[in-house]
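So you know, we letter chains A, B, ... as the sequences are listed, proteins then strands, and number each from 1. Worth knowing before you read on, the calculation uses all heavy atoms, side chains too, and leaves out hydrogens, waters and symmetry mates.
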Number of protein chains: 2
Amino acid sequence: MFGRSATGAVGEATLSEKSSRSEVVYKLLRQAILEQALKPGTKLSEDTIADHFKVSRTSVRGALVRLNAEGIVDLRANKGACVAEPTLEEARDIFALRRMLEAEVIRRLVANLDGAGVRRLQQHVKQEEAALSDHGPLSIRLAGEFHILLAELTGSQALTRFVREIVSRCSLILARFARLHSPECAVDEHVQIICALQSRDTATAERIMREHLDAVELRAELDTDKAEPDISAILQRYARKS
Amino acid sequence: MFGRSATGAVGEATLSEKSSRSEVVYKLLRQAILEQALKPGTKLSEDTIADHFKVSRTSVRGALVRLNAEGIVDLRANKGACVAEPTLEEARDIFALRRMLEAEVIRRLVANLDGAGVRRLQQHVKQEEAALSDHGPLSIRLAGEFHILLAELTGSQALTRFVREIVSRCSLILARFARLHSPECAVDEHVQIICALQSRDTATAERIMREHLDAVELRAELDTDKAEPDISAILQRYARKS
DNA sequence: ATCAACATGATTGTATACAATATTGACGAG
DNA sequence: CTCGTCAATATTGTATACAATCATGTTGAT
């Protein structure tokens, strides 16, 4: 269904599931936002999206409601939807919470991570390295999904849920404020984290993760050019046939 | 709009906001679930709900999608919605995470809570005490909202969001597993928490909160009678005129 | 020229109608 | 009597049509 989805590890179903139209629109919009193709502030007109995906507004609305509940789309009454624009204050708040959540992830993994988990992490990093060459949006998404994969490996659904949400919002923050457009995480830092986890040294693992997140946050710095792109051209790339 | 809403502190807007129909259905369903009037596993038929609230299925679907995104409603494809039924495993997972989140709330409040905040907390506890007499569903909801209010007073939107979600799910867990049907939190424990916060003693405050959450979790114990109630009678009580 | 009031157009919110899927019960073979 | 098949019913998923609200640009008075 998704063509070159390429993750296979972090995502939801293992394909073969026939998604509803609303579901498809949801996933594609989410992907477009997290790959920073749809930037914060971009107006998400129901008609436009419906036309480009060849579905009715009903399906689009369902997707927008879900995205709004996840906090990556703002939905003002009678005034339509747009990609959420986190403020600098919210950004600091979210990074602080992210550090706390991911510290918990690390503590749990140091205690519980097994060989199969390590292999999944290494495989994911390999994908990241492969995607790094084209400097495309794929590497941005994969970088975030590494952190989600870490959370998944704890086995805690609730923790995974929260990490997924907060990583999404961090992606928005970086799209809004980061000077560099490069992937948000350096791949070798991910490798270091895996090593630290294998050595089962909690203090070191926590420190590396903290430094890693500090590095990510440092890339966020105020920027003001916020032209409103027309989303038609962008959606075109996401309108793969059903 | 909500008649005897009675919270005024925790809720969203200060009334005067004209909510959409979908929004109204969302709020009422959520309230009904959190007050344990709609118990875990209850089927939520779109037609039934639409008829009782005198709105179209469209509005109901929007509400169900939101509730699903919050994790308090399960939404299986082509098979309808029902109130989420957390498993015992999920329950332990959620309680563990809740302890972590609320410990963070306490740490932040010890550092930052001001007089105005203390007054809001005391006022809320007063409402809890007043509601305790009728042993109704109101006290159950207020008990949860005390914890949400604590999170709000940290000033962190993200933390508040997560606490709100996890408290909701804890409410579901207690509805499913708790033997006693009494309000989930003892009010005097809330008073103790406020005192500990005022004394700015982090260790004590954290300990009391931990004990408090332990006490809540202890009420969860397997129970098996899960008859499917007809929701018509229940929704009747929530169909206040718009 | 500035600004207010209004009319027009565009977009969202809601309802209804139709299509697709699942559930239920009857029927008949073994 | 039990089980499987199939028709009938009910429920969800989607599209279209209509109502309500908001944005925009024109007109006219000051």
Would you kindly give the CG-to-C1' distance between Asn78(A) and dA19(D), to the nearest whole Å? 12 Å
Tell me the interatomic distance from Lys54(B), atom NZ, to dT14(C), atom P, rounded to whole angstroms. 17 Å
Decide, yes or no, whether a salt bridge links Arg120(B) with Glu152(B) under the criterion of side-chain N to carboxylate O below 4.0 Å. yes
Considering only NZ, NE, NH1 and NH2 on the basic side and carboxylate oxygens on the acidic side, decide whether Arg30(A) and Glu70(A) come within less than 4.0 Å. yes
Looking at Ala81(B), is its backbone amide N or carbonyl O close enough to the side chain of Asp74(B) to form a donor-acceptor pair, meaning the two atoms are under 3.5 Å apart? no
Taking Lys27(B) for the side chain and Val24(B) for the main chain, is one N or O donor matched with an acceptor at less than 3.5 Å? no
Would one find a side-chain N or O of Lys79(B) under 4.0 angstrom from OP1 or OP2 of dT23(C)? yes
Considering just the side-chain nitrogens and oxygens of Arg61(A), establish if one lies under 4.0 Å of OP1 or OP2 belonging to dG13(C). yes
Ser59(A) side chain N/O closer than 4.0 Å to the phosphate oxygens (OP1, OP2) of dG13(D)? no
Using a cut-off of strictly less than 4.0 Å, decide whether Arg57(B) has a side-chain nitrogen or oxygen near OP1 or OP2 of dA17(C). no
Is a salt bridge present between Glu165(A) and Arg161(A), judged by a nitrogen-to-oxygen distance below 4.0 Å? no
Report the distance from atom CG of Asp51(B) to atom P of dA15(C), rounded to the nearest whole Å. 12 Å
Quick check for you: among dT11(C), dA15(D), dT14(C), whose closest atom lies nearest to any side-chain atom of Arg21(A)? dA15(D)
For Tyr26(A) and dT14(D), give me the distance from atom OH to atom C1', rounded to whole Å. 20 Å
Can you sort out which residues in residues 64-77 of chain A have a heavy atom within less than 4.0 Å of DNA chain D? Ascending by number, please. none
Could you state the atom-to-atom distance from CZ of Phe53(A) to C1' of dA15(D) in whole Å? 18 Å
Donor-acceptor contact present, side-chain Ser168(A) to main-chain Arg164(A), <3.5 Å: yes
Hey, which of these two, Asp47(B) or Ser56(A), hits DNA chain D nearer its 5' end, going by closest nucleotide? Asp47(B)
In whole angstroms, the gap separating P of dA20(C) from CD of Glu23(A) amounts to 20 Å
If you compare every side-chain N and O of Thr58(A) against the phosphate oxygens of dT14(D) (OP1, OP2), does one of them come in below 4.0 Å? no
Would His147(B) and Glu102(B) count as having a side-chain donor-acceptor pair, cut-off 3.5 Å? yes
